[in-house]
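Notes follow once the structure below has been shown.
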4 protein chains.
Amino acid sequence: MTTKTKTSTAKKRTSIGSRRSPDAEAAVLAAARDLISERGYAGFSVDEVARRAGAGKTTIYRWYPTKADLFIAIYTTERSASVPVPDTGNLVADLVQYTTSLWRFWAAHPAGAALRGLIAEAQGTPEALSALRDRFLPERTADVRRILTDAANRGELQAHEVDDKISLWVGFSWLKLLIGELHKEEVISPVMMQIAGLSSRPKQ
Amino acid sequence: MTTKTKTSTAKKRTSIGSRRSPDAEAAVLAAARDLISERGYAGFSVDEVARRAGAGKTTIYRWYPTKADLFIAIYTTERSASVPVPDTGNLVADLVQYTTSLWRFWAAHPAGAALRGLIAEAQGTPEALSALRDRFLPERTADVRRILTDAANRGELQAHEVDDKISLWVGFSWLKLLIGELHKEEVISPVMMQIAGLSSRPKQ
Amino acid sequence: MTTKTKTSTAKKRTSIGSRRSPDAEAAVLAAARDLISERGYAGFSVDEVARRAGAGKTTIYRWYPTKADLFIAIYTTERSASVPVPDTGNLVADLVQYTTSLWRFWAAHPAGAALRGLIAEAQGTPEALSALRDRFLPERTADVRRILTDAANRGELQAHEVDDKISLWVGFSWLKLLIGELHKEEVISPVMMQIAGLSSRPKQ
Amino acid sequence: MTTKTKTSTAKKRTSIGSRRSPDAEAAVLAAARDLISERGYAGFSVDEVARRAGAGKTTIYRWYPTKADLFIAIYTTERSASVPVPDTGNLVADLVQYTTSLWRFWAAHPAGAALRGLIAEAQGTPEALSALRDRFLPERTADVRRILTDAANRGELQAHEVDDKISLWVGFSWLKLLIGELHKEEVISPVMMQIAGLSSRPKQ
DNA sequence: TTCTAAACGAGACGGTACGTCACGTCTTTCC
DNA sequence: GGAAAGACGTGACGTACCGTCTCGTTTAGAA
């Protein structure tokens with residue numbers, strides 16, 4: 001839209017005020033991160049974020065209209081380089097490595113709590129549900145999708161199986177996140193084998 | 001005190017007041033059911049349940065100290081006979097049939113919304129988390145466990161795989177519940193095959 | 001007085017059928033006394049009295065349909081002999097002595113708190129107001145009335161002044177009770193002189 | 001990450017929130033006035049005030065942390081010009097006139113009920129007691145104090161008697177307020193004479 | 001440089017829900 | 001058959017957050 005130039009009489013002054021303050025944004029995100037990891041979903045309130053960030057509630061609502069947006073922002077700014085995508089040439093090895101990294105990341109950083117919050121929020125709010133399903137999930141499963149697609153290209157599985165395996169992998173990881181069993185890493189390896197399709201065959 | 005011969009000190013007044021009113025209990029559960037399915041997790045409040053049930057909040061808190069208890073009660077009283085456990089002698093067939101029944105049950109009855117609420121609640125409240133993980137999950141996965149154990153007895157899989165397959169199955173079903181994709185039943189069959197370990201082998 | 005007030009563990013009341021149980025009555029009054037003097041008007045509840053007395057609420061309501069009745073009962077059973085009516089033959093001396101005794105009694109015994117509660121209760125409940133004005137006040141001012149009437153008979157004041165002097169005396173004592181200044185006994189003597197009508201005359 | 005989040009010393013943003021809304025304040029006081037005079041102390045609840053005022057409970061508690069504060073506010077905003085302070089040059093006349101005005105004011109306006117509520121509240125709450133004794137009483141007896149001091153200056157009484165006479169006057173007026181006998185104005189005149197010290201002397 | 005619209009911290013506002021407490025009545029069970 | 005224990009509906013308590021709305025105060029691009 002920008003200028004508006006010729007609207008005759010009105011003569012709008014097109015320049016418009018101050019710009020989004022990076023300080024405020026950083027302070028809000030930092031406070032939100034601290035809060036979700038300190039007190040969890042139940043203790044997370046916009047009021048308290050504002051209080052800790054020394055920010056006005058209006059400022060927060062301006063940039064993050066819902067809690068879901070805030071949770072996604074926390075998750076996104078954290079994730080950057082913490083979870084590398086392995087490429088060993090072997091599907092099971094890749095999956096085990098990647099899943100282990102991710103679980104540790106969830107357990108160690110506020111992002112884990114943020115994702116739990118996002119999922120909880122999605123159970124009550126349609127907008128949050130759609131943000132989770134249509135925006136967050138596709139983006140955040142791109143890495144596993146690549147791992148699986150690469151394996152399919154190598155012939156380790158068939159292309160039409162990829163989506164279902166992603167669902168199995170997401171479901172399994174979410175389950176462990178949601179019931180607080182991220183520390184039980186010993187289950188990762190056998191389950192990844194089952195997802196990869198290498199479970200031992202029944203004795204003949 | 002008078003009589004009672006020699007158990008002098010015991011002296012308990014054993015009579016204990018009024019008993020739990022079945023009317024109130026039924027009204028509360030019915031109201032809770034209606035509310036969770038009408039307005040979802042976000043619109044679910046103890047106040048409103050009390051209002052609809054014509055019950056006092058105290059009465060609700062007496063029997064269901066937390067929302068998690070209420071959700072579990074809703075789920076439990078609903079489930080009774082709605083989800084039959086098949087026994088076709090074939091693992092994949094059993095899983096497909098059972099999962100389909102369950103998803104339809106979740107979609108059609110308040111229990112689905114109640115489970116979503118229970119999971120959401122568990123993200124913020126330690127008690128709810130423990131109720132979900134330690135009480136609800138073991139009980140509610142007994143059926144799949146039986147399906148899998150029977151299959152193991154028939155030699156369709158190995159016994160040590162049962163727990164992991166349960167996790168995969170629960171994770172997958174929860175995922176679809178949580179992101180509102182219970183209606184996409186077409187994924188059930190291929191995924192159950194993968195869980196059963198019958199995924200097509202890579203092309204030689 | 002003093003009563004037993006719940007001697008710890010032993011001593012279970014054995015209530016038996018038909019007639020009003022003196023044990024129960026005593027336990028209720030003792031509990032009520034303790035409670036009003038421990039926690040004051042705001043902390044006084046029938047529930048708590050029942051709890052402490054080991055009595056059913058129904059039992060309490062049967063004998064004391066309102067809190068006012070309970071307060072009056074506390075006051076009445078306490079007062080018995082604690083406030084002697086002096087008869088020195090001198091009005092001011094009688095008043096000073098009697099008022100001092102009464103203030104000390106109010107300060108030292110639950111009855112003081114009970115009267116405060118009764119007056120408070122009367123501000124919200126018509127029945128309590130009537131009990132206070134029409135039952136409690138006449139009975140409880142009989143002593144001062146006698147002191148004043150005797151003085152009138154001795155010629156120290158005129159008979160028609162008695163009622164007004166009673167009002168002045170009650171108002172003054174209540175005021176000190178209600179604002180918690182019973183300990184300021186030094187005002188008693190000059191004020192009783194004013195009530196008696198012996199205030200120093202203006203300098204000529 | 002780190003960010004700076006508010007470098008302490010420099011950089012103060014000096015603005016300070018929204019200001020108290022006069023509309024809300026007026027609505028709350030009006031509702032409180034109506035309620036106390038309609039339903040008395042027992043029927044007075046912050047919930048109901050909020051309901052009638054169309055205000056949030058928080059708003060009420062923000063400005064009036066306790067019921068006592070609310071009662072004092074009702075009393076204070078009402079009193080303004082309703083009770084003129086007479087100055088006839090004669091103590092008894094002044095007292096009679098002033099007391100009559102005050103009793104009529106108490107009987108006719110919500111302030112009377114508010115004072116009854118304040119006194120009742122003070123019997124259970126230490127803060128209310130202190131507000132009543134240390135804040136309300138001194139302010140609200142300033143007028144009688146002036147009447148008495150003026151009289152002392154004219155020689156109608158001695159200065160050291162003023163405080164005691166105030167107590168007598170307050171006690172007497174409160175008594176009549178508390179037992180609901182404000183309409184019996186005929187007692188005012190003789191009692192004010194006694195307070196002034198003009199009671200008939202005993203026959204010699 | 002001046003003007004002006006937007007962003008900002010602060011916080012008041014009308015609401016809803018929380019979980020607890022007390023009320024006075026009713027019900028169940030024991031003595 | 002009276003009394004304990006206590007469940008019940010009602011409704012107030014005081015608190016926490018919600019999301020919206022002023023307030024003045026920066027702040028920075030346009031004129």
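Every chain is numbered from 1, with letters handed out A, B, ... down the list of sequences. Reckoned from all heavy atoms, side chains included, excluding hydrogens, waters and symmetry mates.
- Side-chain N or O atoms of A/Thr77 include one that pairs as donor or acceptor with a backbone N or O of A/Ala73 at under 3.5 Å.
- In this structure, CG of A/Asp69 is placed 11 Å from P of F/dG19, rounded to the nearest angstrom.
- When atom types are taken as modelled, the side chain of A/Asp34 and the backbone of A/Ala31 share no donor-acceptor pair closer than 3.5 angstrom.
- The backbone N or O of A/Ala68 sits less than 3.5 Å from a side-chain atom of A/Thr66, completing a donor-acceptor pair.
- Non-hydrogen atoms lying under 4.0 Å from DNA chain F are contributed by D/Ser45, D/Val46, D/Asp47, D/Arg51, all within residues 43-56 of chain D.
- Of the residues near DNA chain E, A/Thr59 and D/Thr59, the one whose nearest nucleotide (by heavy atom distance) lies more toward the 5' end is A/Thr59.
- Toward the 5' end of DNA chain F, the nearer of the two residues D/Lys57 and B/Ala24, judged by each one's closest nucleotide, is B/Ala24.
- With values rounded to the nearest 0.5 angstrom, A/Leu35 atom CG is found 4.5 Å from A/Arg52 atom CZ.
- One atom, OH of B/Tyr64, and another, P of E/dG19, lie 16 Å apart when rounded to the nearest Å.
- Between A/Trp63 atom CH2 and E/dC8 atom C1' there is a gap of 11 Å when expressed in whole angstrom units.
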* I would like to know whether C/Arg116 and D/Leu129 meet side chain to side chain contact (heavy atoms under 4.5 Å, CB included); could you show each step before the answer? => CA-CA 12 Å; C/Arg116 294 180 69 182; D/Leu129 178 56; 4.0 Å; yes

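- Rounded to an integer number of Å, the gap from D/Ile60 CD1 to F/dA12 P is 13 Å.
- Using bins of under 30°, 30° to 60° and over 60° for the plane-to-plane angle, the ring pair B/Tyr75/B/Phe136 lands in the perpendicular bin.
- The nearest whole Å value for the distance from the OH atom in D/Tyr41 to the P atom in F/dA12 is 14 Å.
- B/Gln123 places a side-chain N or O within 3.5 Å of a backbone atom of B/Ile119 that can act as its donor or acceptor partner.
- Atom CD of B/Glu25 and atom P of F/dC8 are 9 Å apart (whole Å).
- With distances taken from any side-chain atom of A/Arg39 to the nucleotides E/dA7, F/dC17, F/dC8, the minimum falls on F/dC17.
- Following rounding to the nearest Å, D/Leu35 (CG) and F/dA12 (C1') show an atom-to-atom distance of 12 Å.
- C/Tyr61 places its OH atom 11 Å from the P atom of E/dA22, with the value rounded to the nearest Å.
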